[in-house]
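Just follow the structure's listing: the first ligand is 1, and inside any ligand the first atom is 1. These figures come from a predicted structure and were not determined experimentally.
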Amino acid sequence: MAERLVPKISLKDFDNRKDEIREQLIRAAETAGFLTLVDHGISAEEIEAQFSISKAFFALPKETKGKTPHSTKTNNGWEYKAQLRPSTGTYDQKESLWLQRHSTWPNDEDVPGFSTTTTSFMNKCAVISDQVLSCLAIGIGFPEDYFREANDPHQPDCLTQLRLIHYPASKDALGTWRAGNHTDIGCLTLLFQRDGEDGLEICPGRESHSSTGTGDIFTPLPAETGPIVVNIGDMLMAWSDDRLKSNFHRVRAKDVGNSPSRYSIAYFNQSRRDFVLQGPKKKYPPMTVGEYFHQAVQRNFG
Ligand SMILES: O=C(O)CCC(=O)C(=O)O
Ligand SMILES: [Fe+2]
């Protein structure tokens, strides 16, 4: 069932297969709001190299990780079991490191290779995001390069973030959540997982970018090293006049018994703060991405 719900889409030979790929991406974005990308240009070795960096960081003592402190103002830095979800009323059982291109990063003495590996990984994520967003732009009715400008990661007002996540191993997790039920606030998320570290569940069926109601049928998506899980965020749902679906998802550990630790990496395309967001059908009044973000944070966490 999960296989049918979340299609596997190949980006192989992108320039020559653009029309076919675009159709597949739009169909997935309009239905489940989730899809899995293969042949996307980041090798399994490169993904594992970034996971090694992530594992090395999270294995450091708290004092060393705390040298990159989390800021509530920018949402960058290292947070430990700090995300309180109104959807669950509990703190997510995880730690994560939020990074922007220009934020403070852990230094290379503490994590050898951190900056080179992570910069190259972010650059590759940006290329894939650009390919997907160029297809979705046409599907919505914008010019092909519309989101290239709106999401340009090299602009100083770009809100895009990479998030390294670690869910510690657990036993009898009933009543807790690794990541409570939520939608992503940004435009488009690329999510990397590892073989055997399952836990992600998705719940399609949302009709408006600001609705907080959700169904209760969640489908597990088995974790695989290599394929990238891609999902639409609230911002792109609003930007498409609710045509592309930003759907609820969550991460859970086993209610009873042992769950191994899980590492995941998310690349959140969150657009440029000063860019004006409005769909081609003008279903919602125009607002800047910064205003949208603020409103969505209030809605999800307020
Ligand atoms: O760890 C995961 O697989 C999901 C993370 C997630 O949904 C998020 O950080 O928004
Ligand atoms: Fe998410």
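- In terms of distance to the Fe ion (ligand 2), the nearest N, O or S atom of His249 is named NE2.
- Phe147 and Trp239 have their aromatic ring centers within a separation under 6.0 angstrom.
- Ion pairing between a basic and an acidic side chain is recognised when a charged N comes within 4.0 Å of a carboxylate O; Glu144 and Lys18 show such pairing.
- Here Leu191 has side-chain heavy atoms under 4.0 Å from ligand 1, and that is the only part of it that gets that close.
- Close contacts of ligand 1 with Phe268, meaning ligand atoms under 4.0 Å from a residue heavy atom, involve 8 (C), 9 (O), 10 (O).
- The side chain of Ser264, and not its backbone, has at least one atom closer than 4.0 Å to an atom of ligand 1 (non-hydrogen atoms only; side chain from C-beta on).
- A salt bridge does not link Arg194 with Glu224: none of the charged nitrogens is closer than 4.0 Å to a carboxylate oxygen.
- Looking only at N/O/S atoms, Asp184 comes nearest to the Fe ion (ligand 2) through OD1.
- For ligand 1, the atoms lying closer than 4.0 Å to a non-hydrogen atom of Ile165 are 5 (C), 9 (O).
- Thr160 and Gln270 share no donor-acceptor pair across their side chains, judged by distance under 3.5 Å alone.
- Judged by distance alone, the side chain of His40 and the main-chain N or O of Gly226 form a donor-acceptor pair under 3.5 Å.
- Within the cation-pi definition used here (under 6.0 Å to the ring centroid, within 45° of the axis), Arg273 does not qualify as a partner of Phe293.
- The nearest protein atom to atom 9 (O) of ligand 1, hydrogens excluded, is given as Arg163 NH1, 3.2 Å; this is a heavy-atom distance.
- When only modelled atom types and interatomic distance are considered, Asn231 and Asp184 share a side-chain donor-acceptor pair under 3.5 Å.
- For atom 5 (C) of ligand 1, the nearest non-hydrogen atom from the set Tyr167, Tyr263, Phe248, Trp98 comes from Tyr167.
- From the protein, the heavy atom lying nearest to atom 6 (C) of ligand 1 is His182 NE2, 3.7 Å.
- For atom 2 (C) of ligand 1, the closest non-hydrogen atom of the protein is Arg262 NH2, 3.2 Å.
- Here is the list of ligand 1 atoms found below 4.0 Å of a heavy atom in Val251: 1 (O), 2 (C), 3 (O), 4 (C).
- Considering backbone and side-chain N/O atoms, Asp184 comes within less than 3.5 Å of an N/O atom of ligand 1.
- Salt-bridge annotation for Arg178 and Asp92: absent, with no side-chain N of the basic residue lying under 4.0 Å from a carboxylate O of the acidic one.
- The side chain to side chain contact (heavy atoms under 4.5 Å, CB included) test with Ile9 singles out one residue from Gln24, Arg27, Glu20, and that residue is Gln24.
- Each of the atoms 7 (O) of ligand 1 lies under 4.0 Å from some heavy atom of His249.
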